[in-house]
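Numbers here simply count residues along the sequence, with the first being 1.
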Amino acid sequence: MVREWDPRTASSAEIASLLDTLNAVLAADLPQDPPWRESSMREYLSEVMPGERRISWVAQDDAAPDGTPGAILGHVHVLLLGGIGVLEVLVHPSIRRSGIGRELVRVAARRVWDEGFQSIGVEVVGDTPAVAFYESLGFTRDYVETRSVLDLRSVDWPALTEMAAEVGAGYRVEFWPGGPPDELIEAYARAKAEVRDSDDVELRPSSYDPDRLRDSLATLHRRGMKPYIVLALHERTGEVAGLTEVVVPAQHPTRADQYDTIVVHDHRGYGIDRAIKARMLLELRSAEPEVAEVQTWNAQDNESMLKVNAELGYRPDRDWCEYGVDVAELVHRLDSHR
């Protein structure tokens, strides 16, 4: 049975059942990834940025004879933001190829169409069954990144300490757990605007407006995801010359997520990128001792950042792809095959 589902009002048993399915999917498709935990899982599934909406459905087993609700074996949610619906689908490995995945996509695509959106995007992990699944539905690949993972047990900490100090004269590096102070938000937002014109499909959009950036940081905290920020400040002007962001989710606290790393164009060539990422790792070691790994994503043509990551000890893991499809075409294809 597929039904619309609201994580804000769902029972604790349903949240736990969905988590079981998520971890079964990880064990099958990404066995090196750590399992997720129930900590702040409800908030992770329900909290969104102002102006965004998330709509969810589940595929659930029939209830037991004693009335106990059936297990959640499939889940889809669509995040409506800007002009696109961003899709995420989970199907328990035990019921794959049963048509549940197609039905979950169909109900979500129909809602996206009814809401007046023209396109759907989805992140697809390379070398998993999801690639063939989405391509069979008419999705086309728009963009490819490489995920790399750093095992902190392999880090040469004395060398990393030296890297963190190797920043050009006239800059200072600061660490801000939880987010930058409000007096730096406008300069921080200006630095993040450096990536505004990137060509990738924005399924993980950055925030460039100061108020939007404040909302973004507040939303991360509500979702149980603690941000850590390292800034390189140009001492003469006080401008943010570079920044790097890492988020530690309560849902998988042993593996941190690298978000943006940006060096403003006029300040490139002073060793800022490597220094701020090295400083971040040193700070994480103290602030989050449970973190064992950090994962990051980079465009395959971003040679400079790939080089920095390699120097820090990151190892390429697998492709991470963005796929898109026209909503009308997807709805027609799925409805005609029911």
Side-chain angles (χ1 to χ4, degrees), residues 1-7 10-38 41-42 44-46 54-64 68-80 85-113 120-141 147 203-204 249 251-252 318-325 327 329-331 333-338:
M1 175 183 68
V2 173
R3 63 179 177 87
E4 194 165 334
W5 183 77
D6 188 344
S11 69
S12 296
E14 287 179 339
I15 297 292
S17 182
L18 175 58
L19 181 63
D20 287 344
T21 288
L22 169 60
N23 282 329
V25 170
L26 286 175
D29 297 344
L30 294 167
Q32 302 306 314
D33 282 28
W36 283 41
R37 304 179 185 178
E38 201 165 340
M41 194 68 185
R42 186 186 305 274
Y44 178 84
L45 293 167
S46 58
R54 180 182 281 113
I55 309 171
S56 298
W57 295 260
V58 294
Q60 193 166 12
D61 260 350
D62 294 334
T68 303
I72 292 177
L73 298 177
H75 174 252
V76 60
H77 73 241
V78 61
L79 180 65
L80 301 175
V86 181
L87 197 66
E88 185 171 335
V89 180
L90 292 173
V91 176
H92 196 285
S94 66
I95 61 165
R96 285 177 175 171
R97 308 186 72 84
S98 67
I100 290 295
R102 291 178 67 92
E103 179 62 13
L104 289 169
V105 173
R106 189 193 68 81
V107 296
R110 171 59 67 177
R111 177 63 66 85
V112 172
W113 174 250
I120 286 179
V122 63
E123 288 189 343
V124 181
V125 183
D127 297 323
T128 67
V131 174
F133 172 70
Y134 286 107
E135 290 181 350
S136 74
L137 298 180
F139 284 77
T140 57
R141 187 176 298 188
R147 183 178 78 166
L203 304 189
R204 299 190 302 272
Q251 299 81 16
H252 53 94
R318 62 176 69 213
D319 288 344
W320 218 264
C321 312
E322 293 180 4
Y323 277 74
V325 70
V327 174
E329 293 178 4
L330 178 61
V331 169
R333 182 178 294 109
L334 291 168
D335 282 349
S336 63
H337 288 86
R338 290 193 72 190

*Just how far is it from atom CG of Asp6 to atom CD of Glu14, taken to the nearest 0.5 Å?*
10.5 Å
*Taking atom OG of Ser46 and atom NE2 of His77, what is their separation to the nearest 0.5 Å?*
11.0 Å
*asked:* Let me confirm one number: the CZ-CD1 distance from Arg42 to Ile15, rounded to the nearest 0.5 Å.
replied: 4.5 Å
*Which atoms form the tightest heavy-atom contact between Arg102 and Ser136, and what is the distance?*
NH1-OG, 4.4 Å
*Would you check if Leu137 and Val325 make a side-chain contact, meaning some heavy-atom pair closer than 4.5 Å?*
no
*Side chains of Val58 and Leu18: closer than 4.5 Å at any heavy-atom pair?*
no
*What is the minimum heavy-atom distance between Ser56 and Glu4, and which atoms define it?*
O-CG, 3.3 Å
*Verdict with supporting geometry, Val105 and Leu330, side-chain contact (heavy atoms from CB on, under 4.5 Å)*: CA-CA 9 Å; Val105 173; Leu330 178 61; 4.1 Å; yes
*Ile100 versus His92: any side-chain heavy-atom pair under 4.5 Å?*
no
_Arg3 atom CZ, neighbour heavy-atom count above 12 within 6.0 Å_ = yes
*With rounding to the nearest 0.5 Å, note down the distance linking CG in Leu73 to CD1 in Ile95.*
4.5 Å
*Between CG of Asn23 and CG of Leu90, what distance do you get to the nearest 0.5 Å?*
10.0 Å
*Between Val131 and Val125, which heavy-atom pair has the shortest distance, and what is it?*
CG2-O, 3.6 Å
*Got Arg141 and Glu135 here, is their nearest side-chain heavy-atom distance under 4.5 Å?*
yes
*How close do His252 and Pro35 get, heavy atom to heavy atom, and via which atoms?*
CB-O, 4.3 Å
*Check: Phe139 ring centre within less than 6.0 Å of Tyr134 ring centre*: yes
*Any side-chain heavy-atom pair from Val2 and Arg106 closer than 4.5 angstrom?*
no
*Side-chain contact, heavy-atom cut-off 4.5 Å: Leu334 with Arg110?*
no
*With a 4.5 Å limit on heavy-atom distance, are the side chains of Pro93 and Val25 in contact?*
yes
*Do Gln60 and Trp5 have side-chain N/O donor and acceptor atoms under 3.5 Å apart?*
no
_Considering all heavy atoms, the nearest Leu19-Arg37 contact_ = CD2-C, 3.6 Å
*Can you name the nearest heavy-atom pair linking Ala108 to Val76, along with the distance?*
CB-CG2, 3.9 Å
*Side chains of Trp57 and Val78: does their closest heavy-atom pair fall under 4.5 Å?*
yes
*asked:* Nearest 0.5 angstrom please: Asp33 CG to Arg147 CZ, how far?
replied: 4.0 Å
*Does atom CD of Gln32 have more than 12 heavy-atom neighbours from other groups under 6.0 Å away?*
no
